[in-house]
Amino acid sequence: TIPRPRFVSVADIETINVPEFLQDLIIKYGLTPEMLLVEITETAFSENNIIVRETIDQLHQYGFCILMDDFGSGYSSLNALKDIPVNIIKMDMRFVSQTQDPARADTIIKMILAMAKELNMEVVAEGVETVEQAEKLKQYGCSYIQGYLYAKPMPTEEYPEFVKNMKQGN
């Protein structure tokens, strides 16, 4: 399973040394980089590409996994993927939600999944609300699926009980 991500904004990247900050956290709490995913929104890639690229390179050197959140929601997704080595893309939920042309949306989803596979990247589909959506994504080869179908957002203190219940099959 994918560990819980830490969101990083452009403001974080521009004001603190994010790689050092996260490195200090994993040392302080006895973690490993694999236990903490770093999620950067797609818009961050277009706002300050050079500093974001340098930050991602340093995070990779420390062993962190980088996710591009909201992939496909902006204008720079493909251009960012061309230049910035993220490990996982989180496909924007609007790809799986209701659409005027489901066949067209399915084609785009399949192409995103095929492209990610060619780039040796995993894909997380966000915003999945129905069993039908989840089954279709699984059929297309989507690596990970998240959304209200599985759980609604919850306070941190409720998460351990949620995981415990999941393991018990409740």
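Side chains are part of it too, since the values below use all heavy atoms of this structure and drop only hydrogens, waters and symmetry mates.
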What is the distance from atom [atom1] of [X] to atom [atom2] of [Y], rounded to the nearest 0.5 Å?
X	Y	atom1	atom2	value
H60	Q58	NE2	CD	12.5 Å
F64	Q23	CZ	CD	5.5 Å
K152	E158	NZ	CD	12.5 Å
Y140	I109	OH	CD1	7.0 Å
L113	I89	CG	CD1	7.5 Å
Y144	K138	OH	NZ	13.5 Å

Where is the tightest heavy-atom contact between [X] and [Y], given as atom of each residue plus distance?
X	Y	value
R94	D92	NE-OD2, 2.7 Å
T156	P160	O-CD, 3.4 Å
V123	A116	CG2-CB, 3.3 Å
F95	F71	CE1-O, 3.5 Å

Any donor-acceptor pair under 3.5 Å from N87 side chain to I66 backbone: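 Here the side-chain-to-backbone pair exists.
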Backbone N/O of T130 and side chain of Q133: donor-acceptor pair under 3.5 Å: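 Yes: the side chain of Q133 pairs with the backbone of T130.
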Verdict with supporting geometry, F21 and I16, side chain to side chain contact (heavy atoms under 4.5 Å, CB included): CA-CA 8 Å; F21 174 79; I16 64 170; 4.1 Å; yes
Intermediate values then yes/no, side chain to side chain contact (heavy atoms under 4.5 Å, CB included), V124 and Q146: CA-CA 7 Å; V124 176; Q146 74 178 49; 3.6 Å; yes
Chi angles and distances behind the side chain to side chain contact (heavy atoms under 4.5 Å, CB included) call for E135, E132: CA-CA 5 Å; E135 290 303 318; E132 295 78 21; 5.9 Å; no
Verdict with reasoning, M111 to M115, per side chain to side chain contact (heavy atoms under 4.5 Å, CB included): CA-CA 6 Å; M111 294 301 106; M115 176 192 62; over 6 Å; no
Same cluster or not: are [X] and [Y] linked, directly or through other Ile, Leu, Val, Met, Phe, Trp or Tyr residues, by side-chain heavy atoms under 4.5 angstrom apart?
X	Y	result
I145	V131	yes
I112	L137	yes
I40	L22	yes
M154	Y148	no

Partner set under side-chain hydrogen bond (donor to acceptor under 3.5 Å, both in side chains) for E122, not counting sequence neighbours: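 Testing E122 for side-chain hydrogen bond (donor to acceptor under 3.5 Å, both in side chains), a comparison that skips the adjacent residues, returns S143.
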Within 6.0 Å of CE in M93, more than 12 heavy atoms from elsewhere: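 Not buried by this count: 12 neighbours or fewer within 6.0 Å.
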Please examine the side chains of [Y] and [X], heavy atoms only from C-beta on, and report whether any two atoms are closer than 4.5 Å.
X	Y	value
P33	I26	yes
V86	L67	no
D57	P19	no
M166	Y150	no
K90	E39	yes

Charged N-O contact under 4.0 Å between D106 and K136: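 Looking at D106 and K136, the cut-off is met.
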